[in-house]
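Naming: A, B, ... by sequence-line order, numbering from 1 per chain.
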2 protein chains.
Amino acid sequence: MNASPPWDAYAAECPTRMVLDRIADKWTVLVLGLLSEHPWRFNALLRTIEGLSQKVLSQTLKRLERDGLVSRTAFATVPVTVEYAITPLGATLASSLGALIDWSERNIESVQAAQRAFDARQPHPGRAA
Amino acid sequence: MNASPPWDAYAAECPTRMVLDRIADKWTVLVLGLLSEHPWRFNALLRTIEGLSQKVLSQTLKRLERDGLVSRTAFATVPVTVEYAITPLGATLASSLGALIDWSERNIESVQAAQRAFDARQPHPGRAA
DNA sequence: CAGCATCCTTGTCGATACTG
DNA sequence: CAGTATCGACAAGGATGCTG
């Protein structure tokens with residue numbers, strides 16, 4: 001409807017901040033990265049995203065569902081089966097988040113090299129005598 | 001050098017995680033969003049990114065500098081002038097991060113609508129009697 | 001101007017145990 | 001299987017005061 005929305009992520013009170021805070025999150029990026037491929041079950045996500053605790057996955061999924069980025073479908077099997085899938089809205093974000101994963105994997109070595117160079121220049125106190 | 005690197009952000013011990021954790025950060029996104037336009041001074045960043053404290057800005061910039069995404073240049077004026085600029089490496093990331101800001105500003109209304117719908121379905125205890 | 005050092009509050013997260 | 005509830009450890013973050 002409007003070409004340039006009144007929203008400004010640099011304004012403190014802007015609700016955009018809340019959204020940015022949620023999507024610019026490590027776990028969100030990884031979860032949506034998987035869900036953009038196909039629907040996943042809760043425990044499958046938990047096993048695939050190493051280091052992610054079940055509590056945090058639960059919170060993350062609930063927030064993503066509330067924000068309309070992910071849908072949750074429960075099947076009345078025994079035991080119950082729950083499937084998480086990305087929504088159309090979430091799909092519009094997935095490629096941008098996927099770019100972050102790609103960038104990390106492709107540039108990790110450059111970053112590590114920069115860190116070594118920086119640490120060599122700036123030996124911080126507490127390390128080495 | 002290698003088309004498909006061995007790095008996997010879904011592995012717990014992968015250093016990619018560290019990088020992802022840093023770039024998937026609200027403040028990093030906002031800071032790099034500004035620096036991608038032109039170099040900025042410390043206090044200018046502080047004033048422009050509302051709600052960002054000086055301590056956190058300082059930490060964020062230092063990490064970005066260490067990771068090779070941002071350069072810091074001090075001019076021996078009185079008082080001292082410091083300029084932060086994006087590096088070539090950082091520039092390769094800036095567009096992806098900028099996409100997150102754009103997405104937030106363009107889809108905030110959809111997200112808010114989803115939240116209202118969700119909250120109407122799932123009235124959580126503690127609110128309303 | 002461009003920070004650093006400190007205190008202290010708050011939220012986040014992992015571990016554990018239990019439920020439908 | 002798919003979670004919820006609770007506890008405790010920890011770290012991020014705000015506020016304040018000081019320095020080159």
Contact span of DNA chain C against chain A, any nucleotide atom under 4.0 Å from a heavy atom, 5' to 3', runs C:dC13 to C:dG20
Review point. Does A:Glu50 reach the main-chain N or O of B:Ala11 with its side chain, forming a donor-acceptor pair under 3.5 Å?
Key: no
Outer limits of DNA chain D sitting under 4.0 Å from a non-hydrogen atom of chain B, read 5' to 3', are D:dG13 to D:dG20
In this structure, CG of B:Leu100 is separated from CG of B:Leu32 (nearest 0.5 Å) by 11.0 Å
d(A:Leu30 CG, B:Leu20 CG) to nearest 0.5 Å is 5.5 Å
Per the under-4.0 Å heavy-atom filter, residues of residues 76-83 of chain A near DNA chain D come out as A:Pro79, A:Val80, A:Val82
* Determine yes or no for a side-chain-to-main-chain donor-acceptor pair under 3.5 angstrom, with A:Thr81 supplying the side chain and A:Thr77 the backbone. => no
One should read off an interatomic distance between A:Leu93 CG and B:Asn107 CG, to the nearest 0.5 angstrom, of 8.0 Å
Notebook entry, point to check: Can you list the steps and then say if B:Trp103 with A:Ile23 is a side-chain contact (heavy atoms from CB on, under 4.5 Å)?
Noted result: CA-CA 10 Å; B:Trp103 192 93; A:Ile23 68 178; 4.1 Å; yes
Separation between CH2 (B:Trp40) and CZ (B:Arg47), nearest 0.5 Å, reads 9.0 Å
Donor-acceptor pair, distance only, cut-off 3.5 Å: does the side chain of B:Ser58 make one with the backbone of B:Gln54? no
When rounded to the nearest 0.5 Å, the distance separating CG of A:Asp8 from OG1 of A:Thr16 is 7.5 Å
Any donor-acceptor pair under 3.5 Å from A:Glu105 side chain to B:Ala9 backbone: yes
Rounded to the nearest 0.5 angstrom, the CD-CZ distance for A:Gln115 and B:Arg63 is 10.5 Å
Taking every heavy atom of B:Ser110 against every heavy atom of A:Leu89, the minimum-distance pair comes out as CB-CD2, 3.9 Å
Those residues at least two apart in sequence (or on a different chain) that pass salt bridge (Lys or Arg N to Asp or Glu O under 4.0 Å) with B:Asp21 are A:Lys26
Within residues 42-75 of chain B, those residues having any heavy atom closer than 4.0 Å to DNA chain D are B:Gly51, B:Ser53, B:Lys55, B:Val56
Scanning both residues in full, the closest heavy-atom pair of B:Ile108 with A:Pro15 reads CD1-O, 3.6 Å
Counting N and O atoms only, with roles assigned by atom type, does the side chain of A:Asn43 sit under 3.5 Å from a partner on the main chain of A:Leu46, one being a donor and the other an acceptor? no
With five pairs defining each end axis, the helix from C:dC1-D:dG20 to C:dG20-D:dC1 comes out bent, to 10°, by 50°
